Amino acid sequence: MRNMADEQQTLLDERALAEATSDPGARIEQLRREIEHHSYLYYAKDAPEISDGAFDSLMRELRELEAAHPEFHDANSPTQRVGGYVGEQFAPVRHARRMYSLDDAMDVAELDAWIDRVEEAFGRFVPVVCELKIDGSSIALTYEGGRLVQASTRGDGTTGEDVTANLRTVKDVPLRLREAGMAGLAGGAAGASAADVPIELRGEVYMPKRSFDALNAAAEANGKQAFANPRNAAAGSLRQKDPSVTAHRDLSSFLYAVADERALAAQSQWELLQWLREAGFHVNPDVELCETREAVHAFCERAVERREALPYEIDGVVVKVNSFAQQAAMGHTARAPRWAVAFKFPPEEKTTLLRDIAVQVGRTGKLTPVAEMDPVVVAGSTVARATLHNEDEVRRKDVRVGDTVIVRKAGDVIPEVLGPVLSLRPDDAQEWRMPATCPSCGSPVIREEGEADFRCISIDCPAQALERLLHWASRGAMDIDGMGEEIVTRLVEAGRLSDVADYYTLDAVELAMLDMGRVNKDGEPIRLGETVAKKLVAAIDESRTRPFARALFGLGMRHVGKTIAELLAAAHPSVEELMAASEEDLAAIDGVGPKIARSTYLFLHTPDNVAVIERLGKRGVRLADEAGDAGEELPQTLSGLTFVLTGSLVESGMTRDEAGAALKARGAKVSGSVSKKTSFVVAGEAAGSKYDKAVALGVPVLDEAALLRILETGEAPQAEAE
């Protein structure tokens, strides 16, 4: 870094030059170039030449000149990184080429299997580039004439969302390519110079750990919900309506890919990384060109060891064939490039003290044991509770109150207790058993034959009442906007809500006077208030018009998720028709089956439930679809495709039967076994032998997120469909 005397002289020389010239446009351009140069040294080279104070002085002068001369406005000026407006956001952006996912290698054996396939393709080990896998949000940046013209999210891989205004606020994203970068561009179409040809570059925007900690500390201080992890924080920050919010989130980036390598003179991944640095981008310094299998192993081992010490989150190592020509020779599967693999780290494990095993009562009466532990940070977020699923699982893992337990996040997302550290078990630790009575209402609990779960069957159980009320008002059901847990709890405590039909007896006057259980500075009770009350009543009125299937889902019948509710409503488009149907009629509906039919029939023929449904009808809730609303066949866009489902679907909450029914409704065939004729295997959590067989046969494997996109759009990924 320059010493202070040099800095002062530099600034004096620049001011003298500014005073000597009568061309403000020239001075503005000079300042922009100087600021871009120092930004490059700071972010891309990690070798600043001037202090932060000197840099701020240059920026301040540029702002003043641009304010005085608006005719020289430039969206790519360094002063424009902090936005201050709410724009029309998230227009679709089609990528120059598809942004593929990567196949995972979950251990060294799977990594070696990938290396074996590469060696088989070329008859020898070919050089590969190892890069840290940044746990952030994928981005695509388009430059034209050396200037940033568009930035987008990954989206579905083919089409992303336009976040250009927000990306401009990320300080290490160059708004203009450096001259060295421009020199490395290849020529475009005949007659077009390289500088005029758009180039789409790709990388990751991430939130440094220190920034994440500061963001969550500020959120907690203001009574707001904290982000779960830096990855979610980065993705959420990119999708802000106001770019000035993004600007204050302190995001950073690493660039590592190009959509079309023909746009560059570079012939390999290693040369691409060198060009990105020269062009002004922030490139991760922890990369290595490996000439042997052993070198790849060593890089991965060092990455695992250094993971905690890094200032940002990583979740693995990406290994890529270096040569672009060899990459092209290997090609892609429908989902991922064959020339790259993501070596995933083993899930991070921590130990903590198990203080209690509480029992949670769900809206269908299911009793779930929940581990309550001393808080511990695992995979970037604090874990204090984790489900233990059922009594059999508690006994299988042999966890007891007072144990020191090993905790991890399944898939780096869901907290999971692996088991106890037996050497640290207290002498008086007792084996845990499910209580004989419901912790909410004291009624006896039962366990049906062949099932793992205990249930409370009391219709008057308060725990179920609250959960059922919340479920009815939730977005996927009747979507009563604003009717959250706090308000519902207060209404239950006030005796105004006992079942879902009671929602439709509320009025704005009594809601406005609802005691929220807090007092103001004068010691007076805080009321809900007239404004919120009117909005709630309007939302309740609007919910009366939801489709019949939404009401069915909102009732919280066991085994009846959104998809099954839609199938039931399509087959029997009124509550009268549905109640008149026999178990056999219900089981005959494609995708329903005997188990779901039984629970649906019992629910609809329980007197207390029938009384609630009758009151809903009397209070104007829509319990029948008009002609043409129900039973309309969905476009058969998946016709000719065969799906196999394996594992548990966690994100959607659907069972495999529900997911299969939704696929069939769009024309797909759902099979129970994998063959070469299978179009896709959908692999959820704990996928079994079907996943292994799909990999062995080369059948495309989709994750749950891809399945949800298919069900939402009705379209399978094009490459696989072909």
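Values in this document were obtained by computation on a predicted structure and should not be read as measured data. The figures that follow rest on heavy atoms only: side chains count, while hydrogens, waters and symmetry mates do not.
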Does a sphere of radius 6.0 Å around CG in Asp356 hold more than 12 heavy atoms from other residues, nucleotides or ligands, not counting ones at 6.0 Å or beyond? yes
Ile357 to Val401 - nearest heavy-atom pair and separation: N-CG2, 3.8 Å
Evaluate the criterion side-chain contact (heavy atoms from CB on, under 4.5 Å) for residue pair Leu491 and Ile487; output intermediate values, then yes/no. CA-CA 6 Å; Leu491 287 168; Ile487 295 174; 3.9 Å; yes
Minimal heavy-atom distance between Ala565 and Ala549, with the atoms involved, is CB-O, 3.5 Å
May I ask you to decide if Glu524's main-chain N or O and Asp522's side chain share a donor-acceptor pair within less than 3.5 Å? no
Parallel, tilted or perpendicular: rings of Trp472 and Tyr504 (30°, 60°): perpendicular
Is Val361 close to Gln464 at the side-chain level, that is, under 4.5 Å between some pair of heavy atoms? yes
Go through Met373 and Leu353 one step at a time and tell me if the side-chain contact (heavy atoms from CB on, under 4.5 Å) criterion holds. CA-CA 6 Å; Met373 305 165 289; Leu353 188 64; over 6 Å; no
Given Val421 and Leu424, is the side-chain contact (heavy atoms from CB on, under 4.5 Å) satisfied, shown in steps? CA-CA 6 Å; Val421 180; Leu424 298 177; 3.9 Å; yes
Salt bridge check: are Asp541 and Arg544 linked by an N-O gap of less than 4.0 Å? yes
Under a 3.5 Å distance rule, please check whether Lys133 uses its side chain to pair with a backbone N or O of Phe345 as donor and acceptor. no
Point-to-point distance, once rounded to the nearest 0.5 Å, from CD of Glu542 to CD1 of Ile480: 10.0 Å
Do the side chains of Val399 and Leu354 get nearer than 4.5 Å, heavy atoms only? yes
For residues 503-516, which residue pairs qualify under salt bridge (Lys or Arg N to Asp or Glu O under 4.0 Å), counting only residues two or more places apart or in two chains? Arg496-Glu510
Would you give the length of the straight line joining atom NZ of Lys171 to atom CG of Asp250, rounded to the nearest 0.5 angstrom? 7.0 Å
Is there a donor-acceptor contact under 3.5 Å from the side chain of Asp703 to the main chain of Gly684? no
Residue pair Leu555 / Leu616, side-chain heavy-atom distance below 4.5 Å: yes
State, yes or no, whether a side-chain contact exists between Arg546 and Arg622 at a heavy-atom distance under 4.5 Å. no
Any side-chain heavy atom of Val500 sitting closer than 4.5 Å to one from His471? no
Hey, are Glu431 and Arg433 close enough for a salt bridge, meaning a charged N less than 4.0 Å from a carboxylate O? yes
To the nearest 0.5 Å, atom OG of Ser474 lies from atom CG of Asp479 at 8.0 Å
Decide, yes or no, whether a salt bridge links Arg550 with Glu566 under the criterion of side-chain N to carboxylate O below 4.0 Å. no
Any donor-acceptor N/O pair, Thr606 side chain to Leu602 backbone, under 3.5 Å: yes
Taking all non-hydrogen atoms of both residues into account, name the closest pair between Pro435 and Val445 and its distance. O-CG2, 3.4 Å
Here the gap from Leu238 atom CG to Leu251 atom CG, rounded to the nearest 0.5 Å, amounts to 6.0 Å
Sequence neighbours left out, what passes side-chain hydrogen bond (donor to acceptor under 3.5 Å, both in side chains) with Ser253? Give chain and number order. Asp172
Quick one: are Lys350 and Thr352 in side-chain contact, heavy atoms under 4.5 Å? no
What's the separation between atom CZ in Arg425 and atom OG1 in Thr404, rounded to the nearest 0.5 Å? 10.5 Å
For the side chain of Asp135 and the backbone of Glu313, is there at least one donor-acceptor N/O pair under 3.5 Å apart? no
How far does OG of Ser498 sit from CG of Leu466, to the nearest 0.5 angstrom? 12.5 Å
Heavy atoms only: give me the nearest Arg307-Asp315 pair and the separation to one decimal. NH2-CA, 4.2 Å
Pairing residues for Arg656 by the side-chain hydrogen bond (donor to acceptor under 3.5 Å, both in side chains) criterion, not counting sequence neighbours: none
If you compare all heavy atoms of Leu367 against all heavy atoms of Gly365, which two are closest, and at what distance to 0.1 Å? CD1-O, 3.2 Å
Counting only heavy atoms not in Asp427 (residues, nucleotides, ligands), do more than 12 fall under 6.0 Å from its CG? no
Please tabulate, for side-chain N and O atoms in residues 525-538, each donor-acceptor pair with protein atoms closer than 3.5 Å (sequence neighbours left out).
| from | atom 1 | to | atom 2 | distance (Å) |
| --- | --- | --- | --- | --- |
| Arg527 | NH1 | Met513 | O | 3.1 |
| Glu530 | OE2 | Lys534 | NZ | 3.0 |

Partner residues of Arg447 under the side chain to side chain contact (heavy atoms under 4.5 Å, CB included) criterion, sequence neighbours left out: Glu391, Asp392, Ala452, Phe454
Going by distance alone, is a donor N or O of one side chain under 3.5 Å from an acceptor N or O of the other, for Glu204 and Ser138? yes
Phe212 vs Phe227, test: ring pair (Phe, Tyr, Trp, His ring centres under 6.0 Å). Steps then yes/no. CA-CA 8 Å; Phe212 174 72; Phe227 282 98; 7.3 Å; no
CA sep, side-chain torsions, deciding dist, call: Arg400, Asp403, side-chain contact (heavy atoms from CB on, under 4.5 Å): CA-CA 6 Å; Arg400 306 180 184 186; Asp403 274 341; 3.6 Å; yes
Is Arg239 salt-bridged to Glu161, cutoff N-O under 4.0 Å? yes
Do the non-hydrogen side-chain atoms of Val394 and Arg396 ever get within less than 4.5 Å of each other? no
Would a 4.5 Å heavy-atom cut-off, applied to side chains only, mark Lys366 and Gln360 as touching? no
Backbone N or O of Ser237 within a donor-acceptor pair of the Thr246 side chain at under 3.5 Å? yes
Looking only at heavy atoms, which two atoms of Leu469 and Tyr503 are closest? And how far apart? O-OH, 2.7 Å
Side chain Lys397, main chain Val417, donor-acceptor under 3.5 Å: yes
Any residue meeting side-chain hydrogen bond (donor to acceptor under 3.5 Å, both in side chains) with Gln430, in chain and number order, not counting sequence neighbours: none
Between Arg355 and Glu372, does the salt bridge (Lys or Arg N to Asp or Glu O under 4.0 Å) criterion hold? Intermediate values first, please. CA-CA 6 Å; Arg355 295 288 183 182; Glu372 295 190 342; over 6 Å; no
